[in-house]
Undergrad: 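Please read through the structure below; I'll follow up with questions.
Keep in mind that what you see is a predicted model, and the values were worked out from it rather than measured.
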Amino acid sequence: MQDGTLDGRIDAAARDRLADAVRVGHCGVLPADREPAMVRIQIARDAAMAQTLVDALATSPPARQVLLLAGAQHVARDRGVPLHL
């Protein structure tokens, strides 16, 4: 949550949409100074899930598929796991 390099993993517009989702997801009660950290946590989780998928595909037998079951924010193409793939 303190890793500022995560901020550069997605573009500013996607980060803003993610921040909005974090704000709404916390019913508007998340202190504003905590929002950047929560956005970084989301980015880190998405990147980790993407890496897990890549690793699973690399170690799976041919013709096997890997499926990710995740919430809407994690599967959003513009800011979630697909962006990190």
Undergrad: Can you establish whether the number of heavy atoms outside R45 located under 6.0 Å from its atom CZ is more than 12?
TA: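 For R45, atom CZ is not crowded (no more than 12 foreign heavy atoms under 6.0 Å).
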Undergrad: CD of Q73 to CD of Q42: how many Å apart, nearest 0.5 Å?
TA: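 Between Q73 CD and Q42 CD, I get 6.5 Å after rounding to 0.5 Å.
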Undergrad: Can I get a per-line list of side-chain donor-acceptor pairs under 3.5 Å for residues 48-57, giving both atom names and the distance, sequence neighbours left out?
TA:
{"residue": "Q51", "atom": "NE2", "partner": "D55", "partner atom": "OD1", "Å": "2.7"}
{"residue": "T52", "atom": "OG1", "partner": "A48", "partner atom": "O", "Å": "2.9"}

Undergrad: Closest approach of P82 and A76, non-hydrogen atoms and distance?
TA: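 Scanning both residues, the minimum pair turns out to be CD-O, 3.8 Å.
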Undergrad: Can L83 be reached from I41 by stepping across I, L, V, M, F, W or Y side chains whose heavy atoms are under 4.5 Å apart?
TA: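 Yes, one cluster joins them.
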Undergrad: For G80 and H84, work out which heavy atoms get closest and say how close.
TA: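 Nearest heavy atoms, G80 then H84: O-CD2, 3.2 Å.
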Undergrad: Test side-chain contact (heavy atoms from CB on, under 4.5 Å) on M1 and M38 and set out the steps.
TA: CA-CA 7 Å; M1 103 173 122; M38 295 300 288; 5.8 Å; no
Undergrad: Please determine which of D78, D46, I43 meets the side-chain contact (heavy atoms from CB on, under 4.5 Å) test together with I10.
TA: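 The side-chain contact (heavy atoms from CB on, under 4.5 Å) with I10 is passed solely by I43 among D78, D46, I43.
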Undergrad: Answer yes if L6 and L30 sit in the same cluster of Ile, Leu, Val, Met, Phe, Trp and Tyr residues linked by side chain heavy atoms under 4.5 Å apart, and no otherwise.
TA: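 Yes; tracing contacts between hydrophobic side chains, which count when under 4.5 Å, links both residues.
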Undergrad: Below 4.0 angstrom, N of the basic side chain to O of the carboxylate: do D7 and R40 qualify?
TA: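 Answer for the salt bridge query: yes.
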Undergrad: Do the charged groups of R17 and D20 touch, with an N to O distance under 4.0 Å?
TA: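 Result for this pair is no, no salt bridge flagged.
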Undergrad: At what distance, to the nearest 0.5 angstrom, does CZ of R9 lie from CZ of R15?
TA: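 It is 12.5 Å, given to the nearest 0.5 Å.
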Undergrad: Check for a donor-acceptor pair, side chain of H74 on one end and backbone N or O of A70 on the other, with a separation under 3.5 Å.
TA: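 Flag not set: sc H74 to bb A70 has no pair under 3.5 Å.
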